[in-house]
Amino acid sequence: MQTKNKIIILVISIISFTFFLITIDMVYNFRNYGIKSIDDKAKAVAKTVEHSLTSQMVSGVIDDRELFLSQLEDIPNIDKIWLSRGQKVIDMYGKGFNNEIARDEVDKEVLKTGETKKVVNDKIFSQSTYRITIPYNATSKGKINCMTCHSNAQEGDTLGAISIEMSIDDSKQIGIRAITDTLLIALVLMIVIIFLLNFIISPFLSLFDSIKRVMNKAQQGDYSYRIQNPKGKEAKDVALWINGLLEKLEITLEAIDSKISIFLSEHHKVTDKDHLINVKNTVDRLSDVYKFRKTIEYDETINDVYNRLAEVLKIKIGITKFNFFEVSTLTNEINLVHSEAKVICNIIEQGCRADRTNTTIDSTQFKNICPACTSCEKTNYFCVPYAISNELDLIISIYTDTVNQTIEVREMIPYIQDYVDAAKTVIVSKKLMNILEHNAQTDALTNLKNRKYLEDAIPNITSQTKRSGIAYAVLLLDIDFFKMVNDTYGHDIGDNAIKIVAETLNENIRESDTAVRYGGEEFIVLLYNCDEKGAMDVAEKIRENFSKKEIPTGGSTILQKTMSIGVSMFPEDTEDLGEAIKYADLALYKAKNSGRNKVIRFDMSLV
């Protein structure tokens, strides 16, 4: 229903209700007013009759009252009037004339109780009457003492009553005319108001209805509707403003929606028909991805980045069973870099179909699709490849138990793409930093740690030793007569000798130990959690094994060399690791000066 019709119906309802209340009030007031007027007239007539009868009794002509009584009925606007004698008067003077007796129960009740009785007979479509019966009670007060003539009466006794019956149709007719006039006035008022609403307010109400239709479409996401054919200057101005605003809003939202979506994966773009909701959802996702990107930029290691990406998959996307694999595009080497589930496929040895084909592998679409996953019969899996750089791919393997989980994961894959895309540059940067850090701390010739690494590690090793009490043995090694090798065979052969030393060290120390090329032909070995006897045994083993190595010279000559080793204990000899290295150097110096090709344990006499 249009707003204009609603307002007209409301106005008519209000006027009708108001008229109804006014009519009820007028009927009630006219009735009360008419009854009161008649009541006052009847009481005046009753009092007049009382005075006349009293005067006749005092004058002694009461017996001539018949003429007076007969003339009472000729009083204008009085239909009937009669007197009724009380029992006290009957006892003294008899029943009187025929019209002086109680005619009905009302007369008898009034004579008995001495109280005025009124009877109103209201009828809408026929004559309405009003009847009042007023008692005459004996009293000794005033100018005339009733007990003078009525000696058998006492104060307050009912001597008689007068009954008067009159028509109240005149007041009823006046009320009907007033109500009719009011009805006509209300009808005219309604017509005038409806005309004013239609003529003056109609343009605004029509505009309001148009705005409501347009806003309803906008609420549903359709901003193409406009206000059509407004009437009146003010309505046209409002329509122009609203249409202009909707035009700008539609164009702006479409532009934002189309441009901002390029920052999300192609399959992740929202298809809601409401551009405003599209923009909101897109901004929300971009905000989440941006926060993720800013967070991982400050993570220290690439493992922290993968842990952060795993948290996104678990918390934001709801995936709980998955693994991350790095694939080198140069060597096809595959490494597990983050694990949230048991690896159920032989991806590391047999390779990854997803990476080889650069497509998502979904076991629910084709069972046993991946030859590397021979034990995946009871588990659904996704393997999604992501290109991180020209040299690195990231494989995310996701496992599900039910078909519903599989469907949910399939829908979430584009979300993962957004976060992986955000992490790409950070992963490449961390990888590059790792390479730079490795190169900065690794000797290029031997691939052992270099002196810079040792200098950076000394504070950490010192703190660890103080905190946990773990001891280190420090071995300082030097090739005997190495300068002669370079001078005789050249630096290339000298490099071969240094490589053989590195090879010997790797063969004779544990993974927890650290071998460092300290400079030139000098090497340092830090034996982790090692006592003096173990240190001396390892040092002797290294010395002996190196002496048996053959150093290629590029010709027929077979070159074998020996080495001298100095040993110190940290923190047994000193609580300063740098000083422990100096002590090992003193022990090495003694080994050199005492014949070479031997291991010397440091003691304080060497200082």
With distance as the sole criterion, is a donor-acceptor pair present between the side chains of [X] and [Y] under 3.5 Å?
| X | Y | answer |
| --- | --- | --- |
| D478 | S564 | no |
| S328 | T331 | yes |
| D573 | S568 | no |
| D443 | T446 | yes |
| N323 | S339 | yes |
| T400 | Q405 | no |

So does [X] pair up with [Y], basic N to acidic O under 4.0 Å?
| X | Y | answer |
| --- | --- | --- |
| R410 | D362 | yes |
| E311 | K314 | yes |
| E522 | R451 | no |
| E340 | K321 | no |
| R285 | D288 | no |

- prompt: Mind checking whether Y290 and F292 have ring centres under 6.0 Å apart?
  reply: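 Distance test on ring centres: not under 6.0 Å, no.
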
Exercise. Test I416 against every option in V312, I319, D421 by the side-chain contact (heavy atoms from CB on, under 4.5 Å) rule and name the one that passes.
Key: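 Result for side-chain contact (heavy atoms from CB on, under 4.5 Å) with I416: I319.
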
Distance from [X] atom [atom1] to [Y] atom [atom2], nearest 0.5 Å?
| X | Y | atom1 | atom2 | result |
| --- | --- | --- | --- | --- |
| N460 | L577 | CG | CG | 11.0 Å |
| I396 | Y386 | CD1 | OH | 5.0 Å |
| N243 | R226 | CG | CZ | 6.0 Å |

Mind checking salt bridge (Lys or Arg N to Asp or Glu O under 4.0 Å) for E521 and listing every partner two or more places apart, or none if nothing turns up?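 Testing E521 for salt bridge (Lys or Arg N to Asp or Glu O under 4.0 Å), a comparison that skips the adjacent residues, returns none.
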
Atom pairs and distances, donor-acceptor, side-chain atoms in residues 490-497, under 3.5 Å, two or more places apart:
from, atom 1, to, atom 2, distance (Å)
N496, ND2, P552, O, 3.4

Would you please test H338 and N307 for side-chain hydrogen bond (donor to acceptor under 3.5 Å, both in side chains) and show each step?
CA-CA 7 Å; H338 185 91; N307 290 337; 2.9 Å; yes

[Y] backbone acceptor or donor facing [X] side chain under 3.5 Å:
| X | Y | value |
| --- | --- | --- |
| D513 | Y528 | yes |
| K424 | V420 | no |
| D603 | S605 | yes |

Within 45° cone of Y453 ring axis and under 6.0 Å: K449 NZ or CZ:
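K449 over Y453 ring: yes.
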
* Asked: Which class fits the ring pair Y472 and F570: parallel under 30°, tilted 30 to 60°, perpendicular over 60°?
  ->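 Y472 vs F570 ring planes: tilted.
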
Chi angles and distances behind the side-chain hydrogen bond (donor to acceptor under 3.5 Å, both in side chains) call for R293, T425
CA-CA 9 Å; R293 168 66 181 273; T425 56; 3.0 Å; yes

- Query: Listed by chain and number, what are the side-chain contact (heavy atoms from CB on, under 4.5 Å) partners of E408, not counting sequence neighbours?
  - Reply: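 For E408, no residue satisfies side-chain contact (heavy atoms from CB on, under 4.5 Å) once neighbours in sequence are set aside.
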
